[in-house]
Amino acid sequence: MGGGGENSRDGSYLIMYGGVEVVSGGDFDSSTTHIIGDGEKILNKLFTATGGEKLQDNTGWMEESESHCNWYGIRCNDDGYVNNINLNSNDLNSKIPMEIGILSFLTQLHLNINNLSGSIPPKSATLPALTTLDFSRNHHNGKIPSEIGLIAYLRELCLFANNLNGTIPSEL
C-alpha cells in the first residue's frame, strides 16, 4: 500500500495512504497534519489486521453507534484525534499495519504482551508526538528500525522479549 499526493493551489497536499486520506501542509507534524475521520479508518485497519474479532476485549470496536474514542484501549484528545492506544495483553495477532504511522497525534502506543509478529514497522517512526512505544513481549523479528531514533519526543522504548537481531541503531 503506498501513498500518493496531489498539490493544491495553497501549497497543502492531499495524500491517500493505504485508503486513508491525510491532509498535510508540507512537513509531517501534528500542527499541520490531520486525519480525515479522526483515525477511525486506521483503527479499523488495526482491528482487521490483528484479528480484532478474537481479542480478549474488543468492547465498542466496529460498532457504528460508538465513537472510536470510546473503543476499548483507545483514547482521544479533546479534538477527537487518537492520542493513546493501549491494547496490551489483548491477544492481538499477525502484523502491525504500517498505517499506524499516520496517527500524528498519537503520544502512547502500547501493543505489548500479544502475539504480534513480523518486523517493527518503520512507519511507526513517523509519529511526531510519540513519547512511549511498547512492542515488548511479542514475536517481532528483524532489526530495530533506525528511524525510531528520530522520534523527537520518544522517552520510553520497550522492545524486549522479541526475536529481534542485529545491533541497536546508533540513532537510539
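A quick note: this is a predicted structure, and the numbers were derived from the prediction, not measured.
- The backbone N or O of G52 lies less than 3.5 Å from no partner atom in the side chain of N90, so there is not a single donor-acceptor pair.
- Heavy-atom neighbours of I168 CD1 from other residues, nucleotides or ligands within 6.0 Å: at or below the threshold of 12.
- With a 4.5 Å cut-off on side-chain heavy atoms, N162 and N138 count as touching.
- The hydrophobic clustering, which links ILVMFWY residues whose side-chain heavy atoms are closer than 4.5 Å, places L46 and Y72 together.
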Assess whether side-chain contact (heavy atoms from CB on, under 4.5 Å) is satisfied between L106 and I85, documenting all intermediate values. CA-CA 8 Å; L106 194 63; I85 298 176; 3.8 Å; yes

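- At least one side-chain heavy atom of P121 sits under 4.5 Å from a side-chain heavy atom of I96.
- The backbone N or O of N83 sits less than 3.5 Å from a side-chain atom of T107, completing a donor-acceptor pair.
- Residues L87 and I113 do not share a hydrophobic cluster, clusters being chains of Ile/Leu/Val/Met/Phe/Trp/Tyr side chains in contact below 4.5 Å.
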Run the numbers on Q108 and N86 for side-chain contact (heavy atoms from CB on, under 4.5 Å), then give the verdict. CA-CA 8 Å; Q108 296 191 23; N86 188 345; over 6 Å; no

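- W61 has its side chain within reach of L43: a pair of non-hydrogen atoms, C-beta onward, lies under 4.5 Å apart.
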Run the numbers on E147 and S124 for side-chain contact (heavy atoms from CB on, under 4.5 Å), then give the verdict. CA-CA 8 Å; E147 295 90 342; S124 58; over 6 Å; no

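- Shortest non-hydrogen contact noted between S94 and A49 is CB-O, 3.3 Å.
- Between K45 and P97, the shortest heavy-atom distance links the atoms CG-CB, 3.8 Å.
- Annotation: the span from N88 atom CG to L111 atom CG amounts to 8.5 Å, rounded to 0.5 Å.
- Between the CD1 atom in I102 and the NZ atom in K41 there is a gap of 11.0 Å [rounded to 0.5 Å].
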Assess the residue pair N93 and K54 against the criterion (side-chain contact (heavy atoms from CB on, under 4.5 Å)); give the C-alpha distance rounded to whole Å, side-chain angles, the decisive distance to 0.1 Å, and a yes or no. CA-CA 9 Å; N93 289 288; K54 296 178 183 176; 5.7 Å; no

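- Placement of L92 and L164 within a single hydrophobic cluster is found when ILVMFWY residues are connected by side-chain heavy-atom separations under 4.5 Å, directly or transitively.
- Contact between P128 and S104 at its shortest, heavy atoms only, is CG-O, 3.7 Å.
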